[in-house]
Amino acid sequence: MTVRKGNKRLAISIQEHMAIDVCPGPIRPIRQISAYFPRLSPTSSASELDPADEAGFPSALSPGSGVGAVGGGGGGSGGLLTPLLAGATGDSGGGGLTATSSMDTPMEADSGDSDDSTALGTLEFDLLYERATSSLHCTVIKAKGLKPMDFNGLADPYVKLHLLPGACKANKLKTTIVRNTLNPVWNETLTYLGITEEDMYRKTLRVSVCDEDKLTHNEFIGESRVALRRVKPDQTKHFNICLEHPPPVRCGGGLPSPTASLPISPAMRGISCYLREWENEQQTSLEERGRLLLCLQFLPPSEQVDENSTCEAKERASGGLCVGVRRCAHLAAMDVNGFSDPYVKTYLKPDLQKKSKHKTAVIKKTLNPEFNEEFFYEISFTELSTKTLEVTVWDYDLGKSNDFIGGVSLGCQSQGDGLQHWIDCLKNKGMKVERWHTLTNELPGSTFQD
């Protein structure tokens with residue numbers, strides 16, 4: 001390595017060159033590469049280009065900080081090596097990079113370093129849980145600064161909602177598509193029906209933003225997950241969040257294994273172990289197949305019966321259980337078109353005479369059918385304590401066996417919502433008691449034969 005000092009050329013070995021910064025003396029912090037290339041804005045003044053370093057460094061851009069400092073001459077301050085322009089000398093009048101010359105070079109406006117938390121964009125939405133109607137309303141307001149996904153530097157974004165755990169097509173809600181924009185405005189309200197307070201405590205809402213492509217598959221932009229326990233009943237909660245990448249998945253789905261070959265932090269390893277156990281528990285538990293709104297009413301015997309009343313009124317005057325099938329929500333899709341043709345059957349078991357079966361009409365091509373039908377079982381109050389009401393939902397298929405979608409059991413031997421609904425019905429004679437129930441893929445004691 002050679003350095004020109006005046007008219008003389010000095011030879012400096014690479015060992016001497018590397019030893020310059022580690023020579024005996026006070027220990028100074030090593031300069032960062034960013035110190036040699038400061039970020040400037042068009043509004044910055046020339047005085048901002050040559051500040052004195054807090055650690056006692058001479059400025060990297062000062063005229064006197066040339067290579068002449070290496071040889072000990074040239075009026076340098078004797079500090080660290082600093083970058084010079086090509087052909088610069090160690091003289092004080094050399095061609096070092098000055099503040100004035102640096103301002104002559106055009107520079108882009110300083111927009112700040114890229115932030116990973118906003119690289120995908122932000123999403124603004126509201127959540128409201130209505131306890132009286134057991135419904136969750138998500139109002140998708142707008143997104144801002146989305147990541148470009150198309151060749152024209154824009155995107156065709158839309159928002160999808162899923163409830164976790166148990167995400168499927170049945171509980172997917174979707175907004176309309178806004179074309180050619182990175183700052184879409186929707187102002188749409190998407191509603192989940194049959195959301196109980198237990199669901200609000202244990203479920204998570206996944207909000208995803210995607211880009212629609214007509215010729216290829218839709219592309220994922222970013223997502224955010226909100227624990228529904230953060231939403232208080234009957235109070236609107238506003239969210240303005242940054243979109244994130246989806247969590248990493250392993251080959252078989254789910255989160256990465258804690259014993260994977262790649263390095264993983266202790267905190268992530270602990271979370272991964274916990275979620276692995278949680279996933280195994282979910283796989284062994286019952287699968288959710290949708291929601292069912294039932295109305296139960298026990299009618300006590302009536303002493304006064306009008307002779308001109310209908311047969312149904314005379315039958316109900318003797319007392320019994322009235323079962324109202326109101327509607328279903330977010331049923332599992334059983335047909336290839338992504339829908340089902342659902343209908344509901346009810347049994348009051350044990351049924352030795354095989355006379356307790358009732359069936360609703362079939363609603364074609366829907367996952368959210370409304371039935372609003374009632375069935376009456378003539379039975380005494382004391383007999384109800386030994387009975388179990390089984391309600392099953394089926395998908396009608398022409399020319400082959402019907403598909404079982406899900407069911408629920410209500411009785412003194414049931415658990416959870418089924419038991420609570422049954423007790424409320426028996427306690428409140430003559431009153432209609434409505435409650436949402438979660439349909440599962442298995443029903444204890446049933447054979448699922450249509």
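Residue numbers count from 1 along this sequence. Quantities reported herein were computed from a predicted structural model and do not represent experimental measurements.
Across Ile379 and Lys387, no two heavy atoms sit closer than the pair CD1-CG, 3.6 Å. Between Phe371 and Val325, the shortest heavy-atom contact is CB-O, 3.6 Å. Counting all heavy atoms, side chain and backbone alike, Asp351 lies closest to Ser356 at OD2-OG, 2.7 Å. In terms of heavy-atom proximity, Leu292 sits nearest to Cys328 at CD1-SG, 3.5 Å. A pairwise comparison of heavy atoms in Asn441 and Phe404 identifies O-CE2, 3.5 Å as the closest pair. Residues Thr388 and Ser409 share a closest heavy-atom pair of CG2-CB, 4.3 Å.
Counting heavy atoms from C-beta outward, Ser134 and Ile195 have side chains that stay 4.5 Å or more apart. Using a 4.5 Å heavy-atom cutoff, the side chains of Leu120 and His245 are in contact. Between Trp394 and Met334, the closest side-chain pair of non-hydrogen atoms is not below 4.5 Å. Residues Leu296 and Val323 have side chains in contact (heavy-atom distance under 4.5 Å, counting atoms from C-beta outward). The shortest side-chain heavy-atom distance between Pro165 and Lys203 falls under the 4.5 Å cut-off. The shortest side-chain heavy-atom distance between Leu331 and Pro342 falls under the 4.5 Å cut-off. Contact annotation: the side chain of Val185 never approaches that of Val178 to less than 4.5 Å [non-hydrogen atoms, C-beta and beyond].
In this structure, the side chain to side chain donor-acceptor pair (under 3.5 Å) partners of Thr189, at least two apart in sequence or on a different chain, are Thr139. The side chain to side chain contact (heavy atoms under 4.5 Å, CB included) test applied to Asp335 returns Asn337, Asp341, Asp395, Asp397, not counting sequence neighbours. Residues passing the side chain to side chain contact (heavy atoms under 4.5 Å, CB included) test with Gln297, sequence neighbours excluded: Leu299, Cys322, Lys432. Evaluation of the ring pair (Phe, Tyr, Trp, His ring centres under 6.0 Å) rule for His358 yields Phe375, Tyr377 as partners, not counting sequence neighbours. Residues meeting the side chain to side chain donor-acceptor pair (under 3.5 Å) test with Asn372, sequence neighbours left out: none. Taking the ring pair (Phe, Tyr, Trp, His ring centres under 6.0 Å) definition, one finds that Phe339 meets it with nothing, sequence neighbours left out. When the ring pair (Phe, Tyr, Trp, His ring centres under 6.0 Å) test is applied to Tyr192, the partners found at least two apart in sequence or on another chain are His330. In this view, Ser135 and Glu130, Thr133, His137, Thr191, Leu193 satisfy the side chain to side chain contact (heavy atoms under 4.5 Å, CB included) rule, not counting sequence neighbours. Every residue was checked against the side chain to side chain donor-acceptor pair (under 3.5 Å) condition with His217, not counting sequence neighbours, and none meets it. For Arg230, there are no side chain to side chain donor-acceptor pair (under 3.5 Å) partners two or more places apart in sequence or in a different chain.
A salt bridge is absent between Glu197 and Arg202; no separation between the charged side-chain nitrogens and carboxylate oxygens falls under 4.0 Å. Classification of Arg179 and Glu212 as a salt-bridged pair holds, one side-chain N sitting under 4.0 Å from a carboxylate O.
Of the possible donor and acceptor atoms, none in the side chain of Glu390 sits under 3.5 Å from a partner among the backbone N and O of Lys349. Of the possible polar contacts, one joining the Thr360 side chain to the Val344 backbone as a donor-acceptor pair under 3.5 Å is found. Under a 3.5 Å cut-off, the side chain of Glu223 and the backbone N or O of Arg206 do not form any donor-acceptor pair.
For Lys237 and Phe239, the positive end sits near the middle of the six-membered ring, less than 6.0 Å away and at most 45° from its axis.
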**OP:** Could you walk me through whether Glu124 and His238 pass side chain to side chain contact (heavy atoms under 4.5 Å, CB included), step by step?
**Re:** CA-CA 8 Å; Glu124 190 174 349; His238 182 75; 2.9 Å; yes
**OP:** Go through the steps for Phe125 and Leu127 under the test side chain to side chain contact (heavy atoms under 4.5 Å, CB included), then give the verdict.
**Re:** CA-CA 7 Å; Phe125 59 94; Leu127 290 180; 4.1 Å; yes
For residues 140-159, please give each side-chain donor-acceptor pair under 3.5 Å, one per line with the distance, not counting sequence neighbours.
from: Asn152; atom 1: OD1; to: Leu154; atom 2: N; distance (Å): 3.0
from: Asp156; atom 1: OD1; to: Asn180; atom 2: N; distance (Å): 2.9
from: Tyr158; atom 1: OH; to: Asn218; atom 2: ND2; distance (Å): 2.9

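Going from atom OG1 of Thr366 over to atom CZ of Arg327 covers 9.0 Å, rounded to the nearest 0.5 Å. With rounding to the nearest 0.5 Å, the separation of CZ in Phe220 from CG in Leu243 is 8.0 Å. For the atom pair CZ of Arg291 and CG of Asn368, the computed distance is 12.0 Å after rounding to the nearest 0.5 Å. Rounding to the nearest 0.5 Å gives a distance of 11.0 Å between CG of Asn402 and OG of Ser340. In this structure, NZ on Lys355 lies 11.5 Å from CD on Glu378, to the nearest 0.5 angstrom. Taken to the nearest 0.5 Å, the CG atom of Leu410 stands 9.5 Å off from the SG atom of Cys425.
Among residues at least two apart or in separate chains, salt bridge (charged side-chain N to carboxylate O under 4.0 Å, His left out) pairs with a member in residues 401-419 are Asp417-Arg435.
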